[in-house]
Amino acid sequence: MDIKKVAVIGGGTMGNGIAHVFAMNGFKVNLIETQQEFADRAISTITKNLDRMVSKEKIDEAKRNDSLANISVHLDIADGVKEADLVVEAVPENLDIKKTVWQAIDKSAPGHAILGSNTSSISITKLAASTNRPEKFIGMHFFNPVPVMKLVEIVRGLETDDATYTAVEETSKKLNKIPVPVNDFPGFVSNRVLMPMINEAIFCVHEGVATAESVDEVMKLGMAHPMGPLRLADFIGLDVCLDILNVLYEGFKDSKYRPCPLLVKMVDAGKLGNKTGEGFYKY
Ligand code: CAA
């Protein structure tokens, strides 16, 4: 199936990055937000990131302008998805919100449209069941910052069919990304491996093994990670890390995924990382 028109639902950190890479690679993108103010913020972030790519000579001015021209903003799901070949949902990681959004998308998207969720932890099979086309439903999991990170983790739900998988795999390659197939289990592969490492790093601080700075230095200098696990946790959002750990803990019923009490306390205090100006570090 030839995907040309894409609807991206949600213009937050992940949604604006996803819209950015589709638009930059020639797709027509409808970016759907709930309020004009949020949509304006998303377009201004995309513009800033495209300008940075121009200043680093990764793209030229014409490409920047074409990319922005490929994006149009919509404040209504029905209107924004009605001609889409692919819908990518990147709304907050909350099952009830996602289900409501998917029911609205399912009502208005064309019959041939593929439905992709950028969820980082919620079951694809469960989200698919809130639509009438679970065979066309798939996880399309991008990584932050989306314009930079090469991976798309493609998550097959219980009923995802081969045609849907192949179309999403080919589309990911057209975005200059590397698709990696995984099956639908809690945390998929990315967060099943990443989150226990972040949680263990938080336990090191909690138990006084080392400071946050020292834990990060060990992992950066000793393991060649581009940023330490605690800086990365701040970057992802401590609330998001906690939600994902809870999905792993509930999903496997295994105490090895229990969230560190320090993480819970920091989220309770509203110290969520970069987005609130403070987490393990101050911003
Ligand atoms: N848009 C476009 N380009 C961007 C960008 C953006 N939003 N953010 C950074 N860049 C580019 C910069 O222009 C720079 O380009 P050059 O190499 O050509 O100079 C490059 O990325 C590196 O950026 P910086 O020099 O500013 O900073 P850095 O070298 O410290 O790298 C980083 C920043 C790319 C974020 C790097 O630290 C990194 O890779 N960190 C790990 C990120 C990671 O693990 N992400 C996954 C998180 S998990 C997730 O997203 C999913 C989930 O389910 C939780």
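Atoms within each ligand, like the ligands themselves, are counted from 1 in listed order. Values below: every heavy atom of this structure, side chains too, minus hydrogens, waters and symmetry copies.
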- Query: Side chains of S130 and Q103: do they bring a donor and an acceptor to under 3.5 Å?
  - Reply: no
- Query: Does the protein put a heavy atom under 4.0 Å from atom 37 (O) of ligand 1?
  - Reply: yes
- Message: Would K58 count as a contact residue for ligand 1, given that I'm defining contact as a non-hydrogen atom of the residue lying under 4.0 Å from a ligand atom?
- Response: yes
- Note on the structure: Sorted by chain and number, sequence neighbours left out, side chain to side chain donor-acceptor pair (under 3.5 Å) with R41 holds for E37
- Query: Counting heavy atoms only, which part of V240 comes closer than 4.0 Å to ligand 1: side chain, backbone, both or neither?
  - Reply: neither
- Have a look at ligand 1 and work out which part of N144, if any, has a heavy atom under 4.0 Å from it: side chain, backbone, both or neither. both
- Query: Please state which protein non-hydrogen atom is closest to atom 26 (O) of ligand 1 and give its distance, to 0.1 Å?
  - Reply: R52 NH1, 4.0 Å
- When rounded to the nearest 0.5 angstrom, what distance separates CG in D184 from CG in L158? 8.5 Å
- Item | Best match, N16, L194, V148: closest heavy atom to atom 21 (O) of ligand 1 | V148
- Donor-acceptor contact below 3.5 Å, side chain N199 vs main chain C260: yes
- Assess the side chains of D40 and Q36: does a donor N or O sit below 3.5 Å from an acceptor N or O? yes
- atom 41 (C) of ligand 1 sits nearest the protein heavy atom M227 CG, 3.7 Å
- Item | 4.0 Å heavy-atom contact, H141 with ligand 1 | yes
- Do the charged groups of D106 and K99 touch, with an N to O distance under 4.0 Å? no
- Nearest protein heavy atom under 4.0 Å from atom 14 (C) of ligand 1, yes or no: yes
- atom 49 (C) of ligand 1: nearest protein contact (heavy atom, Å): F143 CD2, 3.5 Å
- Message: Which option wins on minimum heavy-atom distance to atom 48 (S) of ligand 1: I198, I236, I244, N191?
- Response: I236
- Mark yes or no for whether K63, through its side chain, and M24, through its backbone, hold a donor-acceptor pair below 3.5 Å. yes
- Go through the structure and list residues passing side chain to side chain donor-acceptor pair (under 3.5 Å) with T47, not counting sequence neighbours. none
- Query: Heavy-atom contacts under 4.0 Å between L232 and ligand 1: side chain, backbone, both, or neither?
  - Reply: side chain
- Query: Side chain, backbone, both or neither: which part of M14 has a heavy atom under 4.0 Å from ligand 1?
  - Reply: neither
- Item | Lys/Arg N to Asp/Glu carboxylate O, K173 vs E170, below 4.0 Å | no
- Query: Should you measure from each heavy atom of K56, which atoms of ligand 1 turn up under 4.0 Å away?
  - Reply: 13 (O), 14 (C), 15 (O), 16 (P), 18 (O), 19 (O)
